[in-house]
Every structure is written in structure tokens, then in C-alpha cells.
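Single-structure report; data block below.
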Amino acid sequence: MSSKRFAEVIVELRSAQVDRPFHYEVPEHWQEQVQIGTRVLVPFGPRRLEGYIVGFSLAADVSKIKPILEVLDDEPPLTPDLVDLAGWLSERYLCTKAAAVQALLPSGMRAKASTKLRLAGDPPFVLPASLEADLLQSLYQSPNKTKEQLIAERPEWRPILRAWVAEGILEESYRVKQGAQVKTITALQCSLDSAAFQAALEELSRAKKQKEVLAYLFDQGVAVPMKDVLSELGASSSTVKPLLEKGYLQKVEQEVLRDPYGIAHEQPEQPLPLTELQRSAYDQIAAAVDTQKPETFLLQGVTGSGKTEVYLQAIASCVEQGRQAIMLVPEIALTPQMVERFKKRFGDDVAVMHSRLSAGEKFDEWRRIRQGDVTIVVGARSAIFAPFRSIGLMIIDEEHEVSYKQDDHPKYLAREVAMYRARQHGATVVLGSATPALETRWWAHQGQIRRIEMGERVMGQRLPKVKVIDMRNELHEGNRSMFSKALKKGIEERLEKGEQIILFLNRRGFATFVLCRSCGYVARCRECEIPLTFHKARGLEQLRCHYCGYAERMPETCPDCKGDHVRHFGTGTQRVEEELHRVFPQAGVIRMDVDTTSGKGSHAELLQRFRNQEAQILLGTQMIAKGLDFPNVTLVGVISADTSLFVPDFRAAERTFQLLTQVAGRAGRHLLPGEVVVQSYNPQHYAVQFAKKQEYENFFQHEIRVRYGVHNPPFRELTAFTSVNTDEDAALRIARTLEDRLRTLFQGRDDIIILGTSPAPLSRLQGKYRFNVVLKYIRFKQVGDPIRTVYLEAAHEAQKAGGYLSIDVNAQMIL
DNA sequence: AGCACGCCGACT
DNA sequence: GTCGGCGTGCTC
């Protein structure tokens with residue numbers, strides 16, 4: 001194109017000081033290969049760093065311009081729209097461009113540069129028993145050690161190495177090691193022509209097995225994986241070796257893709273007939289995809305209304321038009337049946353992306369998307385960055401779920417990313433939920449997004465009956481058990497009839513704390529100040545911190561008053577399990593929580609066992625609340641609705657409502673009528689009451705007034721700053737400084753509210769103190785730039801003080 | 001981020 | 001007098 005152009009490169013460092021493009025010369029031989037989005041290796045000061053080309057300029061206003069050292073990929077990993085998206089991410093969530101780029105790419109992508117050293121010319125003159133002598137000896141003894149390794153070993157060697165390189169005693173050459181490797185297997189190929197083949201057979205007269213192998217490969221004509229040749233013919237590598245030596249066969253390295261989900265189903269499943277409501281939803285979405293104009297829908301359908309079938313058919317229609325589709329699910333490891341349905345319907349056309357894949361698997365799924373081998377991706381949050389060329393449809397299922405907010409920088413919200421990409425690609429976004437986030441429902445009310453309601457369950461299934469039990473009455477009536485009379489009776493009945501039961505417990509961290517009934521002492525983690533949780537493993541009673549992992553033995557007497565009234569309180573899954581065994585000794589129980597599901601595949605295994613009816617009761621934390629669909633479950637019990645109602649978060653009511661509604665939806669999804677029993681010490685709370693009646697709209701009406709009154713989302717957006725430091729005073733000082741600057745900045749702006757410096761709800765985590773400052777505003781556009789300046793200044797000070805200041809734009813939760 | 005340059009205290 | 005502490009400043 002142009003005669004001379006300089007590449008603008010973002011280097012991999014996540015630091016505000018280098019958060020801008022640097023210019024590099026593009027060597028002649030790479031002019032063609034280098035594009036926007038190309039990953040390169042560049043010299044940066046004394047180092048070599050990975051970088052991404054984000055643009056080109058004809059002139060660079062810098063005197064010193066070095067050339068690019070290496071081009072790291074054949075195809076640029078970032079498409080131009082992803083480069084643009086990275087720019088947007090860094091502005092919207094106030095992170096560096098490097099952090100934004102890295103968020104877009106699979107974690108295995110990053111390359112590592114290393115420097116090899118070689119002694120050249122005459123050995124240097126060194127004094128015996130000196131640093132130089134040690135280095136020289138090391139260079140002779142282990143010539144393969146990289147410069148980086150040597151420096152890590154003895155930092156004092158750094159200046160010597162530099163000098164020797166300058167004097168020509170040492171020669172440097174650099175290597176680039178890719179993060180995730182392309183996986184290859186060894187295959188065998190016979191490239192002899194018929195005549196040569198016949199001659200070879202003659203020559204091998206008595207080597208029967210060798211002749212067999214050679215003939216097999218000659219017949220195949222193409223390369224066959226060595227593993228398959230050996231097992232097919234019962235040969236061993238010693239059979240193959242002479243054939244290779246004689247040149248009758250060649251080894252070929254073949255690229256393979258790791259496939260975490262195995263071979264696809266041979267018979268693609270046919271689309272199911274749609275109900276009238278499904279048809280209408282499908283028609284609207286498919287029509288919007290056709291227009292190729294950005295549009296967002298809220299698909300609000302109760303559990304069991306058949307949203308998934310609408311998704312599947314809308315995606316099919318999008319794919320037929322040659323465009324690609326992204327399907328997000330909250331936590332894919334918990335919803336294997338969604339992947340299953342996609343694989344059944346679309347076979348090999350689906351890539352799967354989630355955190356439980358290995359780095360290599362992620363990298364390969366990503367490559368399949370980038371190369372255009374698939375047109376559909378199903379995945380968790382980060383799948384929203386799938387490098388497709390032309391996206392037609394993006395679906396976010398259970399859009400209200402917290403997992404759609406990334407928990408480290410950049411703290412992006414998948415829904416916002418989807419809407420930005422929709423504008424880039426002219427795509428349609430579908431937000432699906434039975435209990436939409438309040439913001440989403442509000443925007444639908446305001447007309448910014450189109451709402452489609454699917455109120456009925458397919459096959460006319462009834463919504464389950466929900467009973468709310470006032471646990472205070474139970475106590476007054478002398479029932480001190482964790483099961484109310486109603487729940488106990490319900491479980492007994494199901495056990496007799498051979499039906500199944502799901503028991504649900506809110507968050508385990510808040511569950512079983514240890515309290516002294518005499519003096520009120522609560523056992524806390526020394527580091528985190530969070531109540532410790534009681535655990536019983538192999539008869540050993542332990543207290544554990546769920547944030548840092550600290551563990552100690554359960555004390556026998558109170559550390560404070562020395563009394564012997566220390567008891568564990570609340571209800572952890574283990575205690576409920578014990579209680580279940582005591583009260584219902586005949587029932588099999590499967591417990592699902594963080595402890596029993598840590599291994600790979602343990603989720604799926606436990607669920608399969610429950611599905612096979614190996615146990616009648618499934619007991620678990622919120623991880624069992626979503627996506628489960630068991631035909632034989634007719635009773636769902638919530639041990640205590642209160643635990644989630646009293647977390648210090650403005651979304652507590654919304655979360656509780658969503659959780660209870662969702663749990664209720666788990667019962668009676670099939671032919672058997674379902675029942676839900678919710679136990680609570682606050683049964684009159686509106687979140688509990690509206691959930692009991694499954695009245696989303698009424699809940700929305702009520703909650704939106706609450707939000708309006710206290711200036712919370714959707715009426716304001718929240719941005720939270722957290723100052724973290726091992727030194728409490730420093731953490732506090734930085735937070736105060738930031739608060740002051742924000743107040744000065746927004747003086748006289750009554751549309752902006754600053755919630756002053758306060759200890760974070762998790763005020764001490766892993767030995768570090770945490771203070772929050774929260775900013776509430778109406779339009780980010782009006783505050784983004786000023787916030788950035790103030791934030792960067794304060795963050796720099798935080799760093800100098802040995803801590804850090806993190807920012808969460810559009811915070812969903814204040815922690 | 002890292003690495004180098006540069007300016008002040010305890011040692012041969 | 002030097003070695004080395006880590007405080008600013010730069011990296012195309």
C-alpha cells in the first residue's frame with residue numbers, strides 16, 4: 001500500500017506508564033504479513049516483549065525507531081473489530097490496553113521470549129575465584145541455560161553478561177516459546193510408487209510383520225497416525241523402525257485439535273415443534289437477525305417455557321444466513337446439558353469455551369473459531385470475545401447471573417460487551433431470563449430493548465405450589481430441628497413414594513459459624529476476620545476460612561471466657577447431611593458443594609448419579625439452583641431463605657427473589673406435580689412473598705421503587721474503588737485521598753453521589769485491609785474521563801505505599 | 001513492569 | 001576512597 005509505514009504496538013506490560021502505542025519499523029520482508037491485530041515480538045528498552053499491532057502511521061514523531069524482531073503468528077489473532085473492542089474495553093472499564101487485549105485472548109496464547117548465549121572468540125581473561133570465573137564456569141557447564149535463567153540464579157551476573165555481550169565475548173540469540181502449543185501427533189506415510197513398493201516387498205522377504213505394515217500404508221496412500229497403525233496391525237515400534245531407516249516410510253507430524261467433548265453425534269437432532277409463544281419469540285428474533293441492525297431483546301420466560309428451543313432455532317436461522325452465533329451460559333460446568341443439546345443439534349459446528357478446559361483445550365477451541373471451523377460457540381462469560389468474522393446473534397441465558405461480571409481487571413459485564421459487539425457487527429442480542437436483572441427489565445420498560453414474554457410452560461405444566469414456613473413459629477412450638485414439620489413430612493412422603501427431593505442451602509461461607517453461647521464469641525480468621533466455617537472430615541472437627549484457606553482445630557472451650565458452651569451454628573451442607581442421615585436413615589443423599597465437586601468432572605458425575613436415582617436426596621448450595629432438570633424430583637426444600645437476604649449488598653432482595661424463584665422452578669418440570677417448601681425467619685419479606693407466588697412483575701414494581709428512593713441501579717450506575725494494603729493506615733489514607741479528589745472534582749454536581757470511605761464488607765482479606773469508595777452517577781460518558789485521571793493518580797500513590805487501588809466500573813456487587 | 005542511571009551511608 | 005542502598009525516569 002504505502003511506501004513506508006510504522007506499526008503502532010501495544011506491549012504486554014499492564015502499567016499505566018506504558019499504556020500507549022509504541023512505534024516500530026516493519027522490516028521489508030514482513031510488510032505483507034503484518035496487519036492490524038498481528039502479534040509481534042519487539043525490543044523494549046533492554047528487553048524483548050510481546051506486543052500487538054493496533055494501527056499504522058506513516059510518520060512517527062520519535063527519533064529512535066527500532067524494527068520488529070519477530071512476527072508471532074501466521075494469522076493475526078485479533079481481528080480489527082477485536083482491536084477496536086479492546087480499545088473500548090480499556091476506556092469503559094478503566095484498564096490498560098494490554099489488559100484489555102489479554103482479556104480477549106485465550107490464556108494460553110502468551111508467548112515467552114528467552115535469550116540463548118554462546119561463547120564466541122577467545123575466552124575472556126578472568127581472575128580466579130571471582131564472579132566472572134563463576135559465570136564462565138557456569139557457561140561451560142550448562143551451555144543451554146538461557147540468559148534469563150542465569151540472571152535469576154545470580155543477579156550480580158547481569159552487568160558482566162551485558163559487558164561481555166558488548167565486547168563480543170558472548171553472542172545472544174533469542175527464542176520465542178509459544179504459551180499453548182499446537183498439539184501434533186506422529187503419523188506414518190508410504191510414498192513409494194508401485195514398482196518401488198514391489199521391490200521393497202521382495203527385499204523384506206522374511207520380515208512378515210514389516211511387509212504387513214508397509215503394505216497397509218501403501219494401500220492407505222495417506223499418512224496414518226502411528227498409534228493407529230500399531231494397534232490396527234498389532235505391530236510395535238521396532239517393526240516400524242527399520243522401515244523408516246530404509247526410507248520406505250516417512251514420519252509426518254500432524255496437527256491435531258484437542259477435543260474436550262469427544263466425537264459429535266452422528267445423527268443431528270431435529271428441531272422440536274414450537275408452541276405459539278415460542279413461534280412468536282422466534283419470529284421476532286429471526287427477523288431482527290435478518291435486518292443486520294443492532295438490536296437487543298429481553299426474552300422473559302418462566303422456567304420451563306422452552307427458551308432453549310427458541311435459542312436453538314434462532315441460532316440455526318442465523319447460521320443459515322452465513323453468520324455466526326455466540327451462546328453464553330452462566331457457568332458451563334454446571335450446565336452440561338446445554339452443551340449436550342447444542343452438540344446434538346449442531347454437531348461439529350459448535351465450539352465450547354469455559355474455565356474448566358485446560359489451557360491447551362481452550363487454545364484449540366479458540367483456533368477452531370478463529371479459523372472458521374465452527375460457526376457456533378457455547379461458553380461462559382469470556383466466550384463473548386469469540387473471534388468470529390460476522391456475528392449475527394448473541395444470546396445470554398440467565399442474563400441476571402452474577403457470573404457475567406468478570407472478577408478481575410478488566411471487570412467487564414458480558415451483557416455490555418455483547419451490546420458493543422452487536423453495534424460493530426449489526427447483530428442481535430437476546431437476554432434470556434425468568435427473573436431479569438432489574439436494569440434489564442427497566443430498560444425494556446423504557447423501550448430501549450424489546451421485551452418478549454413467554455409466560456406459559458410448555459405442555460401446560462403447572463407451576464409448583466410454594467409453601468413458606470415461618471421458622472420462628474416452629475421454634476415457639478418446640479421444634480428445634482433445622483427441618484420444619486412441613487418439610488419433614490414432605491420428605492417422608494417422597495421417600496415412601498420413591499420420588500426425589502432437592503434440598504437447597506444458601507452460600508456455604510455464611511452457613512456454619514462457631515459461637516460461644518455464654519459470651520457471644522465468634523471464631524474468626526486471623527487474616528481475613530471472616531467467621532470461620534465448621535468442617536468435619538474423618539472425625540476431625542476443624543474450622544476453616546473460605547477466603548484464605550486457613551484451618552485450625554475446633555476449640556473445646558471458649559478462647560475468650562473459657563466456658564464449654566462453644567457450638568457450631570447455622571447450617572452447612574455437612575450438618576444438613578448428618579441431620580438427614582439421622583432423621584431419614586433409609587434415604588441416600590448426594591451432597592454437592594465446593595468440597596465434593598473440586599475434581600474435574602465431579603459435577604457431572606454426581607448429577608448423573610442423582611439422575612440414575614442412586615440417591616433420593618440431592619443436597620447442595622446455589623450451584624444446584626440452575627439448569628437442573630430431573631423428572632422424578634417433586635419436592636424442593638430451601639433450608640433458610642434468610643442467609644442471602646442479609647448480605648450487605650443492595651442487590652440482596654433481588655438475589656433472594658431470583659434464587660427462590662429459580663429453585664422453585666426446579667420442582668415439577670415434568671408430569672409429576674411439584675412442591676416447594678421455603679423455610680425462613682423473615683417470611684413476610686417482599687422478596688420471599690413475591691417469590692412464593694412467582695410474581696416477577698410485582699417484585700419488579702416494588703423493588704424499582706426501592707432503587708429509585710436510594711439512587712441505586714438502574715437509576716444510577718455504581719463504580720467502586722477498593723484500596724488494599726497490608727498497612728491499615730495506608731489503605732485508609734489512599735481511600736480518603738481518592739474520596740477527597742472525587743469530591744473536589746464533582747463539587748456542586750447533585751447528580752453525582754459519593755459514598756465515603758468505608759471498610760469493605762470483606763474488610764480484611766488474606767491479611768490485607770480493604771476500604772471502599774463508591775461513586776454513583778447517571779451517565780458514565782460524563783464522568784469517565786475525569787475519573788480516569790483521579791484514579792490513575794491515586795492508584796500510583798497506592799502502589800508507592802505498597803498496596804493497590806482497584807476499580808470496578810458498573811459494579812454489580814460491593815465487596 | 002523492569003531496568004538503568006544516579007545520588008548518599010558503612011565498609012576494605 | 002569504593003560498594004551498594006533503592007529513589008526517579010524511560011522504554012518506539
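Quantities reported herein were computed from a predicted structural model and do not represent experimental measurements. Numbered from 1 within each chain, the chains take letters A, B, ... in sequence-line order.
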Centroid separation A/Phe44 to A/Phe22 less than 6.0 Å: yes

Validation row, ring centre A/Phe385 to ring centre A/Tyr412 under 6.0 Å: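 Between A/Tyr412 and A/Phe385, which both carry aromatic rings, the centre distance is below 6.0 Å.
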
Sugar-phosphate, base or nothing in reach of A/Pro43, heavy atoms under 4.0 Å: sugar-phosphate

Ring geometry between A/Tyr777 and A/Phe780 (parallel below 30°, tilted from 30 to 60°, perpendicular above 60°): tilted

How long is the line joining [atom1] of [X] and [atom2] of [N], in whole Å?
| X | N | atom1 | atom2 | result |
| --- | --- | --- | --- | --- |
| A/Leu49 | C/dC10 | CG | P | 18 Å |
| A/Asp19 | C/dT11 | CG | P | 16 Å |
| A/Glu50 | C/dC12 | CD | P | 17 Å |
| A/Arg20 | C/dT11 | CZ | P | 8 Å |
| A/Phe56 | C/dC12 | CZ | P | 18 Å |
| A/Arg48 | C/dT11 | CZ | P | 18 Å |
| A/Phe44 | C/dT11 | CZ | C1' | 4 Å |
| A/Tyr52 | C/dC12 | OH | C1' | 19 Å |

Inter-residue atom distance A/Asp134.CG - A/Gln141.CD, 0.5 Å rounding: 10.5 Å

Exercise: identify the closest heavy-atom pair between A/Gln812 and A/Arg651: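 Residues A/Gln812 and A/Arg651, closest heavy atoms: O-NE, 2.8 Å.
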
Distance-only side-chain donor-acceptor flag, A/Glu148 / A/Thr115, under 3.5 Å: yes

Contact state string [nucleotides 2-7 of chain B, B base, S sugar-phosphate only, - no protein heavy atom under 4.0 Å]: BSS---

